[in-house]
Amino acid sequence: MKSVSKFILIGMGTLMLCLYITSAMPESACIRLNPDDRIFSGLQKAIENVRANETAELLITGQVVEQEPVVLRGLHLTIRLVEGGSLQMLGGIQAYEGTTLILDGNMEILGQILCEDSELRLCRGVEVYASDTAVRIRNGSGTFESCHCEGKVGIDLEASDAVFLGGEYRGEPALMAVRSKIETIEDGTFLSQDREAVYLAHSWIGTIQNGRFEKMADTGALSRGAFYMDHESCIERIEGGIFRAASGSGLLMIRGACIREISGGTFQSLTDAVNQPFCHHALFILAGSDGFRTGVKTISGGTFESAGRTDAAALCAYCNAQGEVYIGEITGTACFSGSSGLLVGSTHSQGKARIERIDGGTFLSDCAATATAESALLVSTGVVENITAGTFLGNGTAPAIGLSRYCETDTGEMGEGGRIQEISGGDMIASGTAPALYCAAQGSGVTLISGGFFYGDSAVLIDNDEDLVI
């Protein structure tokens, strides 16, 4: 130990540059506090010397292990690894009272990061592992990039703001947001086993640009899927990403959830479990409870695939309560592949399932000639207002467009037949033994056909007493 004004101290195999130090320093000192440029050997001691309302930086150049929880109140602090430094925090971090905390570098936190009324940024390889929730933010904000967070719940947001620029998150769910605002998910991997990977309630997301959202285990039990939007949550725009469920739906919307536009992304349901009677569609729009309007305003792109069960639709808009499920418009390059490419239906006497306009897209019923084959577009106790364009391909025994009806679960009676108000364009092709357009149930039909191409075993088959205007 010695006292100098400027020196390079080599100790314990680590090179450390210490500037303007005139007091005696032990060889284990490896934490530099800026802007004061003081040197400390312990993290807690260094933090105690950070003044409130001052922006400070701790540069760690050696190996630091902190055993106790780190508590921050009203500090503006960056903890950064430099010159090969390492940091392991065994008691987690607690940030309160307007703290701003940036963790930068491949450090390891073995315990929860809790932020209340504070801001958090994790970047450059920060790893957080906890037996409960890895990162919990209350009335604060978080920015996440190039980090790894894993716990019973990965990230838990309540009444908070967040931005995801990358990283990997694991938990049940990996991300849970309640009454929160996520400006963007630019990228990131969100993984779960038995529950949904992402759960939103009363929350808002601006844009999902990319990312992987996956429920990896085929549990065989009723599952809500990979990405679950609940209680009037809203996403402004989905531009890309992979939404994949080994069991359940790729993306499930329920109880007033809404999406303004889907312009890209891959949505997949891979389950073949026979005891999942419900949630096995790539994109599933579900009423869930009375009094809600749930749906998507525009689908202009994306790939939707249900590749497991033989009775699963790529996109299902289904009303099982007093309310409405809807799709405003389907257009562009969107592609839907499943037992039915698109299923629209209602099983409640006061429920409505509706698509305003189909102006593009490809709809494929990919079943072979089996009894479970449905249609490229199946409207069952629901309404499609207008079809002006699009390609509808039915294989095997599946027609290109099928119209039928459901039994109403609340009355026990048969509901109204599926209706299309007008077909003015599009290609309706049945490549197997089915007709291009099949009106199967009483009350189902098309009000007006003013255009379009129909090809099948028969162009149009009306199996009821409805009149058809062409």
Give a yes or no on whether the backbone of Q350 and the side-chain of H348 come within a donor-acceptor separation of less than 3.5 Å.
yes

Practice problem: Go through R124 and D104 one step at a time and tell me if the salt bridge (Lys or Arg N to Asp or Glu O under 4.0 Å) criterion holds. | Solution: CA-CA 6 Å; R124 218 163 52 95; D104 182 9; 2.5 Å; yes

In terms of heavy-atom contacts, S444 and R419 come closest through C-NH1, 3.6 Å

Item checked: Residue pair C319 / K352, side-chain heavy-atom distance below 4.5 Å -> no

To the nearest 0.5 Å, atom CZ of R244 lies from atom CG of L251 at 14.5 Å

**Q.** Distance-only donor-acceptor check, side chains D359 and T388, under 3.5 Å
**A.** yes

| message | If we count only N and O atoms by modelled type, under 3.5 Å, do the side chains of S300 and E261 hold a donor and an acceptor together? | response | yes

_Test item: S160 side-chain N/O and N139 main-chain N/O as donor-acceptor pair under 3.5 Å_ = yes

d(I93 CD1, I109 CD1) to nearest 0.5 Å is 5.0 Å

Say whether, by atom type as modelled, one donor and one acceptor occur between the side chain of S233 and the main chain of D230 under 3.5 angstrom. yes

Check: Between the main-chain N or O of G396 and the side-chain N or O of S431, is there a donor-acceptor pair closer than 3.5 Å?
Finding: no

In terms of heavy-atom contacts, M229 and C258 come closest through CE-O, 3.5 Å

Working for salt bridge (Lys or Arg N to Asp or Glu O under 4.0 Å), residues E97 and R73: CA-CA 5 Å; E97 301 171 8; R73 296 184 184 277; 3.2 Å; yes

Between A430 and A398 the two heavy atoms that sit nearest each other are CB-O, 4.2 Å

task: Given side-chain contact (heavy atoms from CB on, under 4.5 Å), test L58 with L77 step by step and report yes or no.
output: CA-CA 8 Å; L58 294 180; L77 180 64; 3.8 Å; yes

- [ ] Would you please say whether a donor-acceptor pair under 3.5 Å links the side chains of E108 and Q88?
- [x] yes

message = In the structure I gave you, are the side-chain heavy atoms of I262 and F304 within less than 4.5 Å of one another anywhere?
response = yes

Interatomic distance, CG@L286 vs CG@L252, rounded to 0.5 Å, equals 6.0 Å

### Message
Quiz question: by atom type and distance under 3.5 Å, do the side chains of R136 and T133 form a donor-acceptor pair?
### Response
yes

Taking every heavy atom of G154 against every heavy atom of A134, the minimum-distance pair comes out as O-CB, 3.2 Å

| request: Evaluate side-chain contact (heavy atoms from CB on, under 4.5 Å) for I238 paired with T207, printing each intermediate quantity in order. | output: CA-CA 6 Å; I238 298 177; T207 304; over 6 Å; no

Would you confirm whether E422, through its side chain, and E385, through its main-chain N or O, come within 3.5 Å as a donor-acceptor pair?
no

- Task: Find out whether M216 and R170 are in side-chain contact, i.e. whether some heavy atom of one side chain is under 4.5 Å from a heavy atom of the other.
- Result: yes

Exactly one candidate in Y169, F243, Y228, Y199 meets ring pair (Phe, Tyr, Trp, His ring centres under 6.0 Å) with F213; the answer is F243

- prompt: Is a side-chain N or O of S375 found less than 3.5 angstrom from the main chain of S340, in a donor-acceptor match?
  reply: no

Problem - Evaluation steps, side chain to side chain donor-acceptor pair (under 3.5 Å), between T294 and R255 - result: CA-CA 6 Å; T294 307; R255 285 185 283 263; over 6 Å; no

| task | Applying side-chain contact (heavy atoms from CB on, under 4.5 Å), run through I113 and L120 and close with a yes or a no. | result | CA-CA 9 Å; I113 297 180; L120 173 68; 3.8 Å; yes

I'd like to know if the side chain of Q44 reaches the main chain of P69, judged simply by a donor and an acceptor atom lying under 3.5 Å from each other, with no hydrogens or angles considered.
yes

_Side chains of V128 and C149 in contact at under 4.5 Å (non-hydrogen atoms)_ = yes

Practice item. Using a 4.5 Å cut-off on heavy atoms from C-beta on, say whether the side chain of E214 contacts that of T189. Key: no

Practice prompt. Answer yes or no for R293 and Y326: cation-pi contact, defined as NZ/CZ to six-membered ring centre under 6.0 Å and angle to ring axis within 45°.
Written response: yes

dist I401:CD1 -> L377:CG (nearest 0.5 Å) comes out at 5.0 Å

Worksheet item: Under 3.5 Å, side chain of S203 to main-chain N/O of R179, donor-acceptor pair present?
Response: yes

So, do E127 and L110 sit near enough that their side-chain heavy atoms are less than 4.5 Å apart?
-> no

- Side chains of L59 and T78 in contact at under 4.5 Å (non-hydrogen atoms): no

Stepwise side-chain contact (heavy atoms from CB on, under 4.5 Å) check, I330 with L315: CA-CA 11 Å; I330 299 175; L315 168 55; 4.2 Å; yes

**Study point:** H76 and T55: side chain donor to acceptor below 3.5 Å
**Key:** no

Q.
Tell me whether D290 contacts the main-chain N or O of Q322 through its side chain, where contact means a donor paired with an acceptor under 3.5 Å.
A. yes

Which of L103, L165, V163 passes side-chain contact (heavy atoms from CB on, under 4.5 Å) with R121? Answer is L165

When rounded to the nearest 0.5 Å, the distance separating OG of S380 from CD of E416 is 12.0 Å

Residues I299 and A334: closest non-hydrogen pair is CG2-CB, 3.9 Å

Which is it for K215 and S247 under the side chain to side chain donor-acceptor pair (under 3.5 Å) test, yes or no, and what are the steps along the way?
-> CA-CA 7 Å; K215 181 185 182 298; S247 62; 2.7 Å; yes

Practice item. Using modelled atom types only, decide if a donor and an acceptor are shared between the side chain of S192 and the backbone of A197 within a distance under 3.5 Å. Key: yes

| With a 4.5 Å heavy-atom cut-off, do E356 and I327 have their side chains touching? | no

TODO: List the steps, then state whether ring-ring contact (aromatic ring centres under 6.0 Å, His included) holds for F164 with F190.
DONE: CA-CA 11 Å; F164 290 87; F190 302 79; 5.5 Å; yes

Minimal heavy-atom distance between I102 and C123, with the atoms involved, is CG2-SG, 4.4 Å

OG (S365) and CG (L343) are apart, to the nearest 0.5 Å, by 11.5 Å

